[in-house]
Amino acid sequence: MTTTRSQTLDRVLVLEMVRVTEAAAVAASTLTGRGDEKAADAAAVEAMRAALNELYMDGTVVIGEGERDEAPMLFIGEKVGSAIGKGPKIDIALDPLEGTTICATAGPNSLAVLAIAEEGGLLNAPDVYMDKIACGPGYPEGIIDLDKSPSENVRALAAAKGVDPKDIIACVLDRPRHQKLIAELRDLGCGIMLIGDGDVAGVIATTNPDTTIDIYMGAGGAPEGVLAAAALRCVGGQFKGRLLFRNDDERARAAKWGVTDLDKQYDLTELARGDCIFAATGVTDGSLLAGVKRKGKIMTTESVVMRASSGTVRWVKGEHRI
């Protein structure tokens, strides 16, 4: 599928997105391993907000830290940028600190992440759970489907790859809600990589053969699903997501943000449409990126920035003098 290049996004330079995620990652890194999730998240949020407000754009947060205007949240509906009302209209999905617990405990794969698209390009997903399944590029379209059982999806992927199901490795969030999923996958004989947090990195890992992860499965945050979908739009792969609601209040919140079909199975182009840009900076070391390191008065960062229209992936290493 060819994605038309967006002149609107050209006005918000790709590398500017990296500067935003770098600022959040550096701020959060000062609290890595300190055991205070809220403080680390607050530091990342404030740094990301300040960096976004320096950009010439009329930005709207459509995937944010929360749905209420409460500090330190970058809340859904918040306006950011230095040209509100006159600059290019940009939708923004963000997670200033993906994996707050990971950062607080100095675990792997904590990231600062951000995706942008033209106005209306990103699904305005409410802060609820989403059932997700993802795989990397190179497979027939539609090979994964949430209407299939986990075993059926693994068998289909294994057949397309030319291996046995036991040779497939699935990435799953280590949560009590996934006990049945994990048991089914283990009965099938395939390997499971359990992760404690950070399912954006888990989904993206399916696109990198070096991680050995073939498929991502399970329920996680809907906002993270949109961010992961934006990344896969840029580098290839397949993703399906369906919102999960635990009560009427969550259904009402979905309706508030324009979700009309509560049972819909979304694919990549419905979660992140048109041209989009995804950027991430490592806070702690992980499978995707190295974390922030301090060497004397210099802090080093590693980032990745991707664009859907060009399929370009740039790896950026930065030095920040304190």
Side-chain angles (χ1 to χ4, degrees), residues 60-68 73-78 91-95 98-100 113-117 119-135 141-150 152-153 170-182 184 195 197-204 206 215-233 237-274 276 278:
T60 302
V61 177
V62 298
I63 296 289
E65 284 277 281
E67 298 179 20
R68 300 179 305 277
M73 300 294 191
L74 267 162
F75 61 92
I76 297 173
E78 182 171 350
D91 279 358
I92 304 166
L94 53 83
D95 193 342
E98 153 78 348
T100 54
V113 295
L114 171 73
I116 66 170
E119 186 178 29
L122 300 172
L123 179 71
N124 199 337
D127 190 12
V128 299
Y129 281 127
M130 175 184 281
D131 194 13
K132 310 171 191 176
I133 186 168
C135 66
E141 189 65 32
I143 195 170
I144 55 173
D145 195 304
L146 290 173
D147 291 331
K148 297 178 182 177
S149 70
E152 288 172 329
N153 280 304
C171 181
V172 180
L173 272 174
D174 189 5
R175 297 288 188 273
R177 63 178 177 271
H178 291 148
Q179 288 180 356
K180 184 177 178 181
L181 169 62
I182 292 168
E184 181 174 344
I195 58 174
D197 209 342
D199 61 343
V200 172
V203 170
I204 297 174
T206 64
I215 191 167
Y216 180 92
M217 305 174 107
E224 289 81 0
V226 175
L227 281 161
L232 290 196
R233 280 289 322 285
Q238 297 182 44
F239 183 97
K240 300 289 185 180
R242 179 182 284 132
L243 298 176
L244 299 174
F245 304 101
R246 294 171 293 182
N247 50 53
D248 290 340
D249 178 62
E250 290 189 346
R251 293 182 181 88
R253 283 157 56 194
K256 173 184 175 182
W257 298 113
V259 178
T260 56
D261 186 350
L262 301 185
D263 297 316
K264 182 179 178 61
Q265 181 175 189
Y266 295 93
D267 64 20
L268 277 178
T269 55
E270 293 170 311
L271 294 168
R273 295 178 291 276
C276 57
F278 174 89

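Residue numbers count from 1 along this sequence.
Atom CG of Asp249 has more than 12 neighbouring heavy atoms from other residues, nucleotides or ligands inside a 6.0 Å radius.
Note that the CD1 atom of Ile63 and the CG atom of Leu123 stand 6.5 Å from one another [nearest 0.5 Å]. Once rounded to the nearest 0.5 Å, the distance linking NZ of Lys240 with CE of Met130 reads 12.5 Å. Going from atom CG of Leu122 over to atom CG of Leu271 covers 9.0 Å, rounded to the nearest 0.5 Å. To the nearest 0.5 Å, atoms CZ (Phe75) and CG (Asp127) are separated by 14.5 Å.
Between Tyr216 and the choices Val172, Ile204, Leu173, the side-chain contact (heavy atoms from CB on, under 4.5 Å) rule is met once, by Leu173.
Minimum interatomic distance between Leu227 and Ala115 (heavy atoms only, all atoms of both residues): CD2-N, 3.8 Å. Of all heavy-atom pairs between Arg175 and Ile195, the closest is NH1-O, 4.4 Å. Nearest heavy-atom pair across Val259 and Leu243 is CG1-CD1, 3.9 Å. In plain terms, the two heavy atoms of Arg242 and Asp147 that are nearest each other are NH2-OD1, 2.9 Å. Asp199 and Lys132 get closest at one heavy-atom pair: OD2-NZ, 2.5 Å. Residue Ile76 comes nearest to Ala125 through the heavy atom pair CD1-O, 4.2 Å, listed as atom of the first residue, atom of the second, then distance.
The residues Arg177 and Asp131 are annotated as not salt-bridged, no charged nitrogen and carboxylate oxygen being separated by less than 4.0 angstrom.
Proximity of a side-chain donor or acceptor of Asn153 to a complementary backbone N or O of Asp145 within less than 3.5 Å is detected. Side chain of Arg233 to main chain of Gly274: a donor-acceptor pair is present (N/O by atom type, distance under 3.5 Å, no hydrogens or angles). Glu184 contributes no side-chain N or O that, together with a main-chain N or O of Leu181, makes up a donor-acceptor pair within less than 3.5 Å.
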Next on the checklist: With side chain to side chain contact (heavy atoms under 4.5 Å, CB included) as the criterion, how do Glu250 and Leu262 come out once you've worked through the C-alpha distance, each side chain's angles and the decisive distance to 0.1 Å?
Outcome noted: CA-CA 11 Å; Glu250 290 189 346; Leu262 301 185; over 6 Å; no
Checklist entry - side chain to side chain contact (heavy atoms under 4.5 Å, CB included) between Asp95 and Val200: does it pass, once the steps are laid out? => result CA-CA 10 Å; Asp95 193 342; Val200 172; 5.8 Å; no
Checklist entry - When you look at Phe278 and Leu232, which way does the side chain to side chain contact (heavy atoms under 4.5 Å, CB included) test go after all the steps? => result CA-CA 9 Å; Phe278 174 89; Leu232 290 196; over 6 Å; no
Next on the checklist: As a quick check of understanding, evaluate side chain to side chain contact (heavy atoms under 4.5 Å, CB included) for Cys171 and Thr206, giving each step before the final call.
Outcome noted: CA-CA 8 Å; Cys171 181; Thr206 64; 5.8 Å; no
